[in-house]
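What follows is one structure encoded as structure tokens, with my remarks underneath.
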Amino acid sequence: MNLPKIPLGSWIDSFVEWITIAFAGLFSFITATIDGLLNLIVNVVGAGPPIVFIIVLALLLAYTSRWQLGIFTFVSLLLINNLGYWESALQTLAIVLVSGFLTILIGIPLGIWSAQNKTVQRIVMPILDFMQTMPAFVYLIPSILFFGIGVVPGIIASFIFAIAPTIRMTNLGIREVPNDLIEASDAFGSTSNQKLFKVQMPLATPTILAGVNQSIMLALSMVVTASLVGAPGLGADVYRAVSQINVGQGFEAGISIVFIAIILDRLTQNLRKPAYGHIIKGKYVFSIIVALIVGTLVVQGLATEKDLPGDPKAIGGQTNYEIIGIEPGAGIMKQANSSITEYGLDNWKLVEGSSAAMIAELKKAYENKQPIIITGWSPHWMFSKFDLKYLDDPKGVFGGAEEIHTIVRKGLEQDAPGAYKILDQFSWETGDMEAVMVYIEEGMSPSEAAEKWIAENQEKVSKWTNGADKGNGKKMNLVYVAWDTEIASTNVIGKVLEQYGYDVSLSQVEVGPMYAGVANGSSDALVGAWLPSTHEEYFNTYKNDFVDLGLNLKGTKNGLVVPKYVEINSIEELK
């Protein structure tokens with residue numbers, strides 16, 4: 001059956017765009033509220049020397065979960081501090097606590113409502129099924145559009161992903177209260193509220209807390225995913241380690257997440273019935289903790305300087321002193337960090353995230369004529385879609401024009417001489433690449449865009465395949481990073497190889513794994529090596545383990561980019 005495709009994706013895009021515009025004020029309020037709550041928690045847990053918080057938390061774990069857990073907490077947090085991940089750990093803890101708070105605030109009332117109303121339950125439960133089976137990454141897409149890049153969309157996505165157990169277990173706990181107790185409370189003339197808060201909730205508390213515990217663990221599992229949209233913390237450290245193939249850093253950040261997970265799990269499990277509750281009543285312990293929190297906030301409120309640095313009307317004040325970046329492992333991010341140092345931009349912060357998140361933030365700022373500074377490179381379709389300009393770089397931190405090279409594994413020439421020859425002869429211009437990117441941006445799939453470009457440029461393609469042997473079904477694996485440039489080039493060369501008889505598979509990975517895959521022979525080739533500076537570190541690490549076939553495109557450029565309506569022209573003007 002050749003039925004036309006239902007434009008479901010377009011409908012969803014239009015719906016999300018309408019929500020973004022119609023509820024912009026609400027989203028701004030939510031963003032400000034969550035930011036304020038997050039900063040509040042970070043300020044509390046980060047007040048004073050780390051040893052103070054470590055001792056307090058260790059004593060709390062010892063009280064709720066016995067002394068062995070207290071010692072484990074003390075040692076593990078000292079190790080996190082020693083490894084240099086203390087600030088990241090506090091940020092991660094704050095993100096999880098905010099997500100957990102939102103889960104309790106919204107999840108428990110929804111669970112109660114579902115337990116008391118069968119119609120609500122019939123509506124809510126299928127929605128929870130949908131939320132639990134939808135890939136977590138999908139929640140990041142509308143979160144970026146609604147709340148921008150940074151920690152807030154990460155928290156919202158974590159909250160949506162994690163709320164289901166709290167709702168389900170609250171509903172289950174209340175429904176499992178024995179009927180004879182409900183009948184007894186009715187016989188004594190209890191009101192609905194009295195029955196809920198004096199009978200059902202106390203009996204359902206263990207089940208509800210089990211749901212809260214699972215929600216907190218799910219929120220913690222989202223910290224790496226949330227780093228894709230700029231959420232800081234240990235998740236960003238893990239993501240950076242994956243991008244850079246840094247096994248040691250990945251293990252250190254990963255084990256830090258494990259320690260925090262164990263601490264939060266044991267704390268939430270035993271909070272209701274502390275191990276030493278028979279010695280010191282819980283109300284006294286938690287009163288002391290509340291007093292410490294309030295005292296910390298009062299002291300910080302008196303000592304904290306509220307004013308932002310510099311002129312709020314200058315470009316820094318208008319952009320909150322943020323440069324919106326991409327994946328932490330990208331070479332352009334290293335260059336951008338160097339530019340902050342070289343130009344003395346002490347107040348500025350480079351926000352890590354992803355290429356997609358950066359483009360979403362650019363689109364939103366551009367539509368509202370708001371100032372924004374991003375890490376940019378060309379060729380890229382955004383220069384066709386938006387009126388942009390590079391900021392002058394008088395110190396040359398971002399280097400000059402770059403080249404994109406083709407790299408293949410050792411032995412490919414012998415194993416697949418035809419593919420080797422095609423890859424060696426592959427060469428095109430920035431206009432060619434931008435044409436494919438524009439096709440994709442206009443709604444074509446990368447595969448369709450590649451086929452369209454190939455059909456329109458047979459003369460150029462014939463030069464790539466000239467003298468090459470047919471593939472006869474031989475398998476080829478091409479790796480690429482999810483940059484628009486590499487999506488375009490890899491799909492084009494993949495289609496050419498496919499049309500020449502090769503069985504081609506494309507694998508999307510991060511920058512480090514891309515180079516490592518070709519170097520160890522698990523992948524055959526990549527056509528997106530940005531040299532000499534962007535991928536310099538990766539190229540130098542693996543250069544003895546692969547074959548560089550030379551450039552396939554020249555004239556690329558990296559730098560800081562702003563819309564043309566932004567009235568600055570040089571990086572020096574950011575001071």
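Any value given below was found using the heavy atoms of this structure, including those in side chains, with hydrogens, waters and symmetry copies removed.
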Start with the C-alpha gap between Ile571 and Leu574, add the side-chain angles, then the distance that decides, and say whether side-chain contact (heavy atoms from CB on, under 4.5 Å) holds. CA-CA 6 Å; Ile571 299 176; Leu574 300 179; 4.2 Å; yes
Is there a side-chain contact (heavy atoms from CB on, under 4.5 Å) between Thr92 and Leu220? Walk through the geometry before answering. CA-CA 8 Å; Thr92 296; Leu220 187 58; 3.9 Å; yes
Glu536 vs Lys334, salt bridge (charged side-chain N to carboxylate O under 4.0 Å, His left out): CA-CA, chis, key distance, verdict: CA-CA 11 Å; Glu536 177 185 13; Lys334 183 178 180 180; 5.8 Å; no
For Arg272 and Thr205, run side-chain contact (heavy atoms from CB on, under 4.5 Å): C-alpha distance rounded to whole Å, both residues' side-chain angles, the deciding distance at 0.1 Å, then the answer. CA-CA 9 Å; Arg272 182 169 173 264; Thr205 296; 3.4 Å; yes
Step-by-step side-chain contact (heavy atoms from CB on, under 4.5 Å) determination, Leu60 to Phe286: CA-CA 9 Å; Leu60 181 60; Phe286 296 119; 4.1 Å; yes
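Side-chain N or O atoms of Ser227 include one that pairs as donor or acceptor with a backbone N or O of Val224 at under 3.5 Å. Side chain of Ser65 to main chain of Ala62: no donor-acceptor pair is present (N/O by atom type, distance under 3.5 Å, no hydrogens or angles). Judged purely by atom type and a 3.5 angstrom limit, Asp265 has no side-chain atom pairing as donor or acceptor with the backbone of Ala261. In this structure, Asn82 contributes its side chain and Leu78 its backbone to no donor-acceptor pair below 3.5 Å.
The shortest side-chain heavy-atom distance between Phe147 and Ile155 does not fall under the 4.5 Å cut-off. Leu209 is not listed as a side-chain neighbour of Leu271, based on a closest heavy-atom distance of 4.5 Å or more. Side-chain contact check for Leu362 versus Ile372: some heavy-atom pair is nearer than 4.5 Å. Side-chain contact between Lys364 and Asn368 is present, with heavy atoms from C-beta onward closer than 4.5 Å. Considering only heavy atoms from C-beta on, Gln214 stays 4.5 Å or farther from Met169 through its side chain. Contact annotation: the side chain of Leu77 approaches that of Trp86 to within less than 4.5 Å [non-hydrogen atoms, C-beta and beyond]. Within the 4.5 Å cutoff, the side chain of Met222 has no heavy atoms near those of the Phe159 side chain. Taking the side chain as every heavy atom from C-beta outward, Ile95 and Val98 never approach each other to under 4.5 Å.
Tyr565 and Tyr366 have tilted rings, their planes meeting at an angle from 30° to 60° on a 0 to 90° scale. Relative ring orientation between Phe386 and Trp381 is described as tilted, the plane-to-plane angle lying within the 30° to 60° band. Below 30°, between 30° and 60°, or above 60°: for Trp377 and His380 the angle between ring planes is above 60°, a perpendicular geometry.
Summarising the geometry, atom OG belonging to Ser215 is positioned 11.5 Å from atom CG belonging to Leu102; distances are rounded to the nearest 0.5 Å. With rounding to the nearest 0.5 angstrom, the CG atom of Leu110 is 10.0 Å from the CG atom of Leu105. The distance from atom CD1 of Ile323 to atom OG1 of Thr375, rounded to the nearest 0.5 Å, is 9.0 Å. Taking OG1 of Thr341 as the reference point, atom CG of Asp346 lies at 8.5 Å (rounded to 0.5 Å). Between Asn347 atom CG and Glu322 atom CD the span is 12.5 Å, to the nearest 0.5 Å. One finds the OG1 atom of Thr534 at 4.0 Å from the CG atom of Asn558 (value rounded to the nearest 0.5 Å).
Between Ala253 and Leu234 the shortest heavy-atom distance is CB-O, 4.2 Å. Contact detail for Met333 and Val351: the closest heavy-atom pair is CE-O, 4.1 Å. Across every non-hydrogen atom of Ser570 and Leu391, the tightest pair is N-CD2, 3.9 Å. Listed here is the closest heavy atom pair of Ser158 and Ser99: CB-OG, 3.7 Å. The minimum heavy-atom distance between Lys389 and Pro563, with the atom names listed, is CE-O, 4.0 Å. Listed here is the closest heavy atom pair of Glu510 and Val481: C-CG2, 4.1 Å.
Within a 6.0 Å radius of OH in Tyr276, other residues, nucleotides and ligands contribute more than 12 heavy atoms. A 6.0 Å sphere centred on NZ of Lys273 holds no more than 12 heavy atoms belonging to other residues, nucleotides or ligands. Counted within 6.0 Å of CZ on Phe251, heavy atoms from surrounding residues, nucleotides or ligands total 12 or fewer; the atom is thus considered open.
In summary, the side chains of Asp393 and Tyr343 do present a donor paired with an acceptor at a separation below 3.5 Å, with no hydrogens or angles considered. For the 3.5 Å distance criterion, the side chains of Thr166 and Thr103 fail to qualify, holding no donor opposite an acceptor.
The ring-ring contact (aromatic ring centres under 6.0 Å, His included) contacts involving residues 50-72 comprise Phe72-Phe259, where partners must be two or more places apart or lie in separate chains.
Under the side-chain contact (heavy atoms from CB on, under 4.5 Å) rule, Ile55 has a single partner from Val52, Ile51, Leu57, which is Ile51.
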